Amino acid sequence: MKKNKLKFIDLYAGLGGFHQALSKLGHKGVWASEFNVNLRNLYKKNFPGTPIEGDIFKVNMEEIPNHDIICGGFPCQPFSRAGKMLGFDDLNKGNHFFKILEIIDIKKEDAPKYILLENVETILKHNNRETFKVIEKELEKRGYDIQKKIVSPHEFNIPHHRRRLFIVGVRKDLGGLNGFKFPIPKDLTRTNISSIIDSNFVPLEGERLYLTKEKNEVIEFWAKFISSFPKEKKLPGFPIWSHEWGATYPFEFGTPQSVSVTELKRCKGNYGAIIKGINREKIISKFIPRYAQKDLNRFPDWKISYIKKNREFYQENKKFIDDFLIDNPAYREFEFSYQKLEWSCQGSARTFDDKIIQFRPSGLRVKKDNWTPALTTIRTQNVYIPKLKRKLSLQEIAKLQSMELKYLPDIYDGKYVPNGGYKAFGNAVNVEVVRLIAEKLLNNGEKN
């Protein structure tokens, strides 16, 4: 039996992830909105048959065509740890959910049959879980049967760990979600970064995929540290903060800001440096790690734990660490964050060539080559593959989001999306994840 071609609108469209997914299932986009003018122009080029508007707060809702599916990843910054967590109180982005409700209300008896929305997982716990209660309540009040689940591409053999909340709904008068189930994850042992690597790729003109001399030296330093660490000893599962090696400044019962200068000068700072000086501000800026410089009477528990574990690690391995630092003094010139290491490879070979590396504010992160950490708006083009001796290309980043973009070069050169478009990929929805969920949702609806 031939399936019905459904009509959908694509809100907060970005690179068109929802559009690509639903088009693959044979459905038709009849309207879209996207605030960013560059992304909007690119959308017009990629999907010329779909009208697209700008700021949804300036759109005449009455002119939005009737549709069967309303979909979109409404702005997540108000609910994300990376933002200010203002939620619905964020007047710029937090009230976009209510625009979705407004569209449903205006359509009345022609309200969309299906709802397919995406957001960050932290929205579930935002404001003591009250925020999501509002979302559920308002959708159910409008006659929808709602389900939610946190889903990540890596669960479906796409090498990208990106946990996102998906909200699906079907009108109760059409049978609701009776029998609907989210797609079942696949065998994770089959997920590997090699599935999206193109060893014969041709880089886009001007694409910067190779590391600076400093970053190569950082990798060389930490790779040597890991490979030469005593084999009979276990590597830390917590972040290594090398600044604590030899440090004795107060952290459990007080902070450098809460004790007297005299008491502080009896302690040791970064890498066991003798603290000197009479000005507290200068002492702290010179001898205390950045993460311990804040004017607090007590550090948070997680920070106390990390400092304590790093100092214990140093004491347990003092001779090895002291000798290693003497033989490898380059670390003193590294950027602060590069003096930290996250070894997320417990049980793996103590090598870097078969891993994935990211340079993060929290330190150099080394992980197994099964999947990449989540692409973000600020660290999208920061996934380095040692065995390739380069970062992931824009084509490969697109594959992490399961995207087929005919005009990818236009994204990179800034013709439509300035700064190479990496931020846009960090904001995008994964096409294959949406396709899998939508297929289950829409097939279930046709059965009812």
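Being a predicted model, the structure only gives us computed values, none of them experimental.
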Under a 4.0 Å N-O cut-off, is there an ion pair linking Arg266 with Glu263? no
More than 12 foreign heavy atoms under 6.0 Å from NZ of Lys28: is that the case here? no
As an exercise, state the distance from CG of Leu408 to CD1 of Ile397, rounded to the nearest 0.5 Å. 9.5 Å
Does the side chain of Asp301 reach to within under 4.5 Å of the side chain of Arg298, using non-hydrogen atoms? yes
Side chains of Lys265 and Ile283, heavy atoms from C-beta outward: is any pair under 4.5 Å? yes
Counting only heavy atoms from other residues, nucleotides and ligands, does the tally under 6.0 Å from CD of Glu333 exceed 12? no
Could you tell me whether His19 and Phe47 have their ring centroids closer than 6.0 angstrom? yes
Any idea how Phe320 and Phe229 line up, ring-wise: parallel (<30°), tilted (30 to 60°), or perpendicular (>60°)? perpendicular
Is the shortest side-chain heavy-atom distance between Val168 and Leu177 below 4.5 Å? yes
Which of parallel (below 30°), tilted (30 to 60°) and perpendicular (above 60°) describes Trp371 and His154? tilted
Using the six-membered ring of Tyr249, assess whether NZ or CZ of Arg311 lies under 6.0 Å from its centre and within 45 degrees of the ring axis. yes
May I ask you to check whether Phe166 and Phe182 place their ring centers less than 6.0 Å from one another? no
Just do the side-chain contact (heavy atoms from CB on, under 4.5 Å) check on Ile196 and Thr372 with the steps written out, would you? CA-CA 11 Å; Ile196 60 99; Thr372 71; 6.0 Å; no
Taken to the nearest 0.5 Å, the spacing of Lys368 NZ from Gln346 CD works out to 8.5 Å
Is the backbone N or O of Phe35 less than 3.5 Å from a side-chain atom of Arg40, with the two atoms forming a donor-acceptor pair by type? yes
For residues Ser152 and Glu155, is any side-chain donor paired with an opposing acceptor at under 3.5 Å? no
Exactly one of Tyr271, Tyr314, Phe225 clears side-chain contact (heavy atoms from CB on, under 4.5 Å) with Ser242, and that residue is Tyr271
Do other residues, nucleotides or ligands put more than 12 heavy atoms under 6.0 Å from Glu281 CD? no
Charged N to carboxylate O under 4.0 angstrom, Glu439 versus Arg435? yes
Should we count CG of Asn279 as having more than 12 external heavy atoms under 6.0 Å? yes
Check ion pair Glu130-Lys133 (N to O, under 4.0 angstrom): yes
Please tell me if the side chains of Ile9 and Ile69 come closer than 4.5 Å, counting only heavy atoms from C-beta onward. no
Any chance you could measure Asn310, atom CG, to Trp245, atom CH2, to the nearest 0.5 Å? 8.0 Å
Should the ring pair Phe336 and Tyr291 be called parallel, tilted or perpendicular, given that the plane angle runs from 0 to 90° and is split at 30 and 60? tilted
For Asn370 and Asn192, indicate whether the former's side chain and the latter's backbone hold a donor-acceptor pair under 3.5 Å. no
What distance separates Ile193 CD1 from Ile158 CD1, expressed to the nearest 0.5 Å? 12.0 Å
Taking the side chain as everything from C-beta on, heavy atoms only, tell me whether Val366 gets closer than 4.5 Å to Cys345. yes
Should Lys294 and Thr255 count as side-chain neighbours, where that means a heavy-atom distance under 4.5 Å? no
I'd like to know whether CD of Glu335 has more than 12 heavy-atom contacts from other residues, nucleotides or ligands below 6.0 angstrom. yes
Is there a salt bridge (charged side-chain N to carboxylate O under 4.0 Å, His left out) between Lys233 and Glu316? Walk through the geometry before answering. CA-CA 10 Å; Lys233 293 190 175 184; Glu316 292 167 2; over 6 Å; no
Do Lys148 and Glu136 have side-chain heavy atoms sitting under 4.5 Å apart? yes
Under 6.0 Å between ring centres: does that hold for Phe359 and Tyr384? no
Do Phe334 and Phe221 pass the ring pair (Phe, Tyr, Trp, His ring centres under 6.0 Å) test, and can you show the C-alpha distance, the side-chain angles, and the key distance before you say yes or no? CA-CA 10 Å; Phe334 292 164; Phe221 173 86; 5.6 Å; yes
May I ask you to decide if His243's main-chain N or O and Gln339's side chain share a donor-acceptor pair within less than 3.5 Å? no
Counting neighbours of NZ on Lys286 that are heavy atoms of other residues, nucleotides or ligands and sit closer than 6.0 Å, is the number greater than 12? no
Answer yes or no: is there a side-chain heavy-atom contact under 4.5 Å between Val120 and Arg164? yes
Does atom CD of Glu404 have more than 12 heavy-atom neighbours, drawn from other residues, nucleotides or ligands, at distances under 6.0 Å? no
Separation of Leu436 CG from Lys186 NZ (nearest 0.5 Å): 6.5 Å
Distance, nearest 0.5 Å, that separates CD of Glu342 from CD1 of Ile240: 10.0 Å
Report yes or no: is the cationic atom of Lys45 (NZ for Lys, CZ for Arg) closer than 6.0 Å to the six-membered ring centre of Tyr416, at no more than 45° off its axis? no
Phe287 to Ala273 - nearest heavy-atom pair and separation: CD2-CB, 4.0 Å
